[in-house]
Each structure stands twice: as C-alpha cells, then as structure tokens.
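Every chain is numbered from 1, with letters handed out A, B, ... down the list of sequences.
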Number of protein chains: 2
Amino acid sequence: MAYARRVIEARHLRVLRAVATTGSFSAAGRELGCTQPAVSQQMKALETSVGTPLLVRAGREMRLTQAGEALVRHASGILAGLTAAEEEVAAIAGLRAGRVRLVSFPSGSSTLVPAALAALRAAHPGTRVSLEEAEPPRSVELLREGDCDLALAFRYEGAATAEDWDDLVVRPLLTDRLVALVPERHPLARAESVAIGELAGEPWIAGCPRCRGQLVQVCEGAGFTPRIDFATDDYPAVVGLVGAGLGVAVLPQLAVESVRPRGVRAVRLEPAVRRKIVALTLPDLAPVPTVAATLEQLARAARRP
Amino acid sequence: MAYARRVIEARHLRVLRAVATTGSFSAAGRELGCTQPAVSQQMKALETSVGTPLLVRAGREMRLTQAGEALVRHASGILAGLTAAEEEVAAIAGLRAGRVRLVSFPSGSSTLVPAALAALRAAHPGTRVSLEEAEPPRSVELLREGDCDLALAFRYEGAATAEDWDDLVVRPLLTDRLVALVPERHPLARAESVAIGELAGEPWIAGCPRCRGQLVQVCEGAGFTPRIDFATDDYPAVVGLVGAGLGVAVLPQLAVESVRPRGVRAVRLEPAVRRKIVALTLPDLAPVPTVAATLEQLARAARRP
DNA sequence: CTTCGAGCATAAGCCATCCTTGGAGTGATC
DNA sequence: GATCACTCCAAGGATGGCTTATGCTCGAAG
C-alpha cells in the first residue's frame, strides 16, 4: 500500500493536459513527441497514484471524470507557474535579467568599474549591478560572507601580509604602479622619474590606511621613515594638499587618473612599486552568467586603460 | 546540447525547497527521507537543466544564487498548487466532495432514489447528486453519451425489445411487479388477485408511452386488446382517473407506492408481470468513488422497500 | 455483411534515471 | 591535533519510463 504513495509530477500534468485538449492518447502522444503507450502508461500511473479514475473511455472519445477535470483545472495554473519559473531563471541565465553585487576599492570604482559597467549595460541591458566600496581585506570578507558576488582587490608586489586567496577565483586585471605627486614648482616636478629616497626629507600626505602602511613600508625599505603630516583616503584631497605645497605623496597611478592634477606633477617612481589589481569571486559564483559577464567586462576595461 | 533541454519536475522543486529551508544537503535528505548524495545529484541535475548555478557552497553554509532564489520563490506557489490539486482529487476520491449525475425513471425517482440519496448524504456529507428524469431508452443514451454517471432503468421480463446492456455495468436493484388499479366499488376491488383477462372489457387508463406498450403487449398475451380511453405519464393522474371510476389501470407497484390510493384499490396481478429495476453505469465509471457509493446506497435502499 | 482504419491496452525489452553504498577530502569545533 | 559533520565522487543495483510489437474493439466505408 505504501507503493501507491507516489506523488504527482509535472510530467503527469503535461500528459493529462495534452490528453484533455486533444481528446485521445494517440494525439496526445503526437503532441508530446512520444508514443501512445507512453501516454497510456503515464495516465494509468497517475490514476493509481491519485487513487481514482481520471478518464472515461466512452467508445471513440475520451472524457474526463470529475477528478480529472479538477486536476486539469489545477494543471494549467501549475504548469503556467512552472514555465514562468523557467522563464525567469532563463532570463537570469541568459543575461536578460539579474543583478550582480560588486565591491570595489575607491580608485577602482572610479576608473575600471564605470567603464566595465557601461560596457556591460550596453551588451546586456537587462542586467543590473550594485556597487559598494570597500578596501581589500573587507571586500574579501564580504565576498566570503556572501554579501557580494564579485570583489575588486589589489595586492602590492612583495607585500608582507599576503592575504590568502587560494580558495577564490582570482582574475588578474592589470598591474598598477605608484607615482609620486609633487607640487608643480618642486625641483623634481620635471624629472623623468624619482627614487623614493629623494623625497625622504619632504613632509608627506598619506592616503588610505592601507596605502599608508604600504607607504611606510616602501620608505623604510629605502632607509627612512616618512614624516606624515596629513592622512586622508580622499584622493582629490591628497592632490589638493600636494598642489597647495603642503607636502608630497605617492598614489597609485589609477587613483591619480581620476583626479584632475591641479598644481601637481605625477612622477614615475623608480624602482617601481607595483600593485596587482584583481577581481575575486567564489568558485561557485564564477560560472553564474551575470558574474562571469561582469568579470569579463572588467577584464576588457582593464586591457585598454 | 539537446540533452540539456530537460524540463523542471516537481521533484526538483521539492528538493530545492528543502535545501533552501534546511540550509544543507544532508538535512534536506533527512527531511525528504533520502540520502545526501541523492539530494546532491538532484540539485546538480536541476542546475544543468536550467543552465545556471542555483546554490553557492560557502564554507559551511549553503546559499542561494539569484536564480536559485527566483526558483524557490516560484516553487512555493507551484508546490502549493500541486498539493491543492492533490487535496481536491483526494476529496473526490475520499467521498468528501464530488458530484454524481443520476438519471432515473419517474417511479424510481420518487421512491428508491430519495431513500438512497438521503443515506448517501448521511454517510458522505460532501457528496452531491444531480438528478434528472428519463425513461430507460433515453437514460441509457444519456449514460453512453457521457451526460450522466449512473442511470436507473428497468426491463420487463420477457420483453420483446431487449436493450443491449452488455457493454454496461448492470447492478440489479429489485424486481417490481405490476398491480391492477380498480375503483373501490369495482367488483374485483376486494379480490386477492386478478388475472389480466378479467379486465378485458374495462376502459383503460394507460401510463407512460413505454408502460402503455407494455400494457398492450401483456393484454394481447391474454388474448384481448385494451380499449385505452386516457393516457398520461402522471401517476397521480392515473390514480385519480381510476378513483373517479373512469377506468382501470395497471401500474408498477413502485409507482403506486408514492401515490395516495384515494378511492382505488391495488390488486395483485396474477400471473405476475415483473420488471427488473437495475442501475447502469459505464465500466470505467464504476470504480469512481462517488459513483460506487451512490450505487451502493441505491442497492441498500432497494433491499428494504 | 465484411473490410479497413484508428485507437487503446498489454507485454517484453532496452535504456535512462535515480538512489544507495562506500570512500576521500575539507572545514569547523573541541 | 583529533573528531565530527558535511560534501563530492564513483560504482552498483533497482526502479521507472519509453519503445516496439501484438491483440482487441469500435466505427466507418465498401
């Protein structure tokens, strides 16, 4: 008796509906692309599973019992819901819909991200992106906690504290380098390049906490400790302070690009200090179409700076 | 590629919902009464069939992607519709709902049918019966055409025109017999029984067309042709006409029972002329619970007249 | 009245699917 | 560091579904 405890499947309803509309098993089989015995067995199985006849074979024609009518009546709604669900998922899978939650650090979100999102929007108008700003340690945390789908992060070459990204999908985007910012009238303003040590005696203006740590580390590698007079994670402010002659700064090239260099000069730092900018995502998220598409546009945006 | 063209089944949604609510494959398996690999495979199949990941395995916990969320959102409605359908069909199958369409000839619908339907209503309050009146040839026709589920019919013993009921389910209910109706002051009114020939010279009042044919046949069997002065299929009218002394009649016992015998006497006809009263239904309809239950109540009502 | 065609039921066989078991790897917890 | 819980993977076995083939009934046409 426990064997009859089977449950109605969508397939049963599809077959039943076909039988109800066509009026015969054979026609239903043709409509469904299977043979008549398949339909016959399917209906028999459904009838035993619901425990009551659903169809009356009256001579030539096939009629529904009351239970059959009830089932057909429900079937339309159920199958409609099912196709609606398939539609919606297909829309997301086909990039006609769906939202990807992106987290980026500030200098990324002002350069790479806008270009990438513009391209994404052009290619797949249905997709939506939500953007949040966070510096790397936090952004990776957000990713791992499931609060975002895609994180832009960076890592300085030779950095002491190497975050563990082994369990993530890492897509290198581009390699940024630090530039020194000096006031226009500074002696080094016209230099081709500058060694960090040449700025040892200057007052410094530091960027975000992480950049600041990086700055100190680089300076100490060159044998001095920078005298930091100001610290702000607002890049235009840094540029403004340098332009006002209050000190020098080093910033990532990417950060400088989005700020008008009013009264300052950006001089290449030699030897170069580089940071690798990457996009991170969870392995399970990488094949998600919206994520993959966004990632692809970020990579393309990075190729032509 | 054509292989990925599979379609979402209710089973997939059940599993997905269980995973979404429990948060793990193992727990979902326990809830569904199967093993964890079964859940895992089921989800993998669903993901390939919709073409996009639905779940993110993030460390310990299991989260839904956007497509997964969409599917779960639809799933609740779809599965609710499915259980509603099962409920309704089960209600019909379990005699808590459902309507049976009954056709009966007049003398049946005034005696057998009310008793049977009262018992049915008492036993299964949810069931409903629609009753229509039709004489046997027509009622069987209605049955065959699918316009009713159950037909009460009768057949006179030794009748010339034997309808073909071989393809129907025939349930004998009772055997009725004809009685002669004579005015109270008629010489035969006190007789124990009467032979049809004894009424050869009387004016006759005939019933329905079919009863009339039967009457003529019986009389001719006894060697005379009845002089029919009145014909009506209204039994009380027949009784009234006999009571008024306008003639005699023969009626089925069952028909007389539901009419007050005002001024008439019912005398047993000997030799007896009997008719078998049966319930008819289509073979496919017989196992339908509402039909079976109605049939059963009719049989029980027939056993105690 | 017989023949023919259409449709359904059933049986047997094949194939896909599904589920289970057993084992390995991994992250979190004590 | 050991344990527990969870997942994935692989292989085996059972179940179910579909197909072909066959027989039957019914209705229409010759």
Side-chain angles (χ1 to χ4, degrees), chain A residues 2-16 18-49 53-64 68 144-146 164-168 282-284 287, chain B residues 2-16 18-20 22-49 53-63 144-146 164 166-168 282-284 287:
Chain A
Y3 301 116
R5 198 69 198 94
R6 277 216 344 271
V7 92
I8 301 180
E9 285 297 325
R11 172 172 18 89
H12 294 136
L13 298 184
R14 281 184 249 271
V15 176
L16 177 64
V19 171
T21 57
T22 63
S24 91
F25 284 9
S26 300
R30 284 191 291 273
E31 182 175 306
L32 297 170
C34 66
T35 62
Q36 167 267 318
V39 176
S40 183
Q41 293 172 28
Q42 218 37 241
M43 286 297 92
K44 176 173 293 226
L46 182 57
E47 285 183 333
T48 64
S49 93
L54 299 173
L55 296 164
V56 193
R57 291 80 169 167
R60 175 120 314 190
E61 61 184 332
M62 184 79 66
R63 275 195 311 273
L64 291 165
R144 286 193 212 274
E145 285 170 357
D164 187 17
W165 292 345
D166 290 350
D167 57 336
L168 299 177
L282 296 176
D284 285 342
Chain B
Y3 301 117
R5 198 69 197 92
R6 276 217 344 271
V7 92
I8 299 180
E9 285 297 326
R11 173 171 16 90
H12 294 135
L13 297 184
R14 280 184 249 273
V15 176
L16 178 64
V19 170
T22 64
S24 91
F25 284 10
S26 300
R30 283 191 293 271
E31 183 174 307
L32 297 169
C34 64
T35 62
Q36 168 268 319
V39 176
S40 184
Q41 292 173 29
Q42 207 58 227
M43 286 297 90
K44 177 173 296 228
L46 181 56
E47 286 183 331
T48 64
S49 93
L54 299 173
L55 297 163
V56 194
R57 291 80 168 166
R60 175 123 309 191
E61 61 183 333
M62 187 77 67
R63 275 194 310 272
R144 287 192 211 275
E145 286 170 356
D164 186 16
D166 290 350
D167 57 336
L168 299 176
L282 297 177
D284 284 343

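- Applying the side-chain hydrogen bond (donor to acceptor under 3.5 Å, both in side chains) test to Arg11(A) and every residue at least two apart in sequence or in another chain returns Gln42(A).
- Atom CG in Leu55(A) sits roughly 12 Å away from atom C1' in dC8(C) (whole-Å rounding).
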Distances under 3.5 Å only, N/O to N/O: pair up the protein atoms with those of nucleotides 10-18 of chain D.
residue: dC18(D); atom: OP2; partner: Gln42(A); partner atom: NE2; Å: 2.9

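- Between Glu9(B) atom CD and dC18(C) atom C1' there is a gap of 13 Å when expressed in whole angstrom units.
- Remark: Lys44(A) is in phosphate contact with dT10(C), judged by side-chain N or O atoms under 4.0 Å from OP1 or OP2.
- Atom P of nucleotide dG5(C) and atom CD of Gln36(A) are separated by 18 Å, given to the nearest angstrom.
- Using a 4.5 Å heavy-atom threshold, the side chains of Leu55(B) and Arg63(B) count as separate.
- Rounded to an integer number of Å, the gap from Glu47(A) CD to dT10(C) P is 11 Å.
- Following rounding to the nearest Å, Met62(B) (CE) and dT26(C) (C1') show an atom-to-atom distance of 13 Å.
- Counting to the nearest Å, the P atom of dG7(C) and the CD atom of Glu31(A) are 14 Å from each other.
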Under 3.5 Å, which donor-acceptor pairs link side chains of residues 28-40 of chain B to any protein atom two or more places apart or in another chain?
none

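- Residues Leu16(A) and Leu64(A) have side chains in contact (heavy-atom distance under 4.5 Å, counting atoms from C-beta outward).
- Contact annotation: Ser40(A) side-chain N/O to dT10(C) OP1/OP2 distance is not under 4.0 Å.
- Distance Ile8(B) CD1 to dT17(C) P: 16 Å, rounded to the nearest Å.
- In this structure, CZ of Phe25(B) is placed 15 Å from P of dC18(C), rounded to the nearest angstrom.
- Checked for salt-bridge contact, Glu9(A) and Arg14(A) miss the test: no charged N lies under 4.0 Å from a carboxylate O.
- Contact check for Val56(B) versus Met62(B): no side-chain heavy atoms found under the 4.5 Å cut-off.
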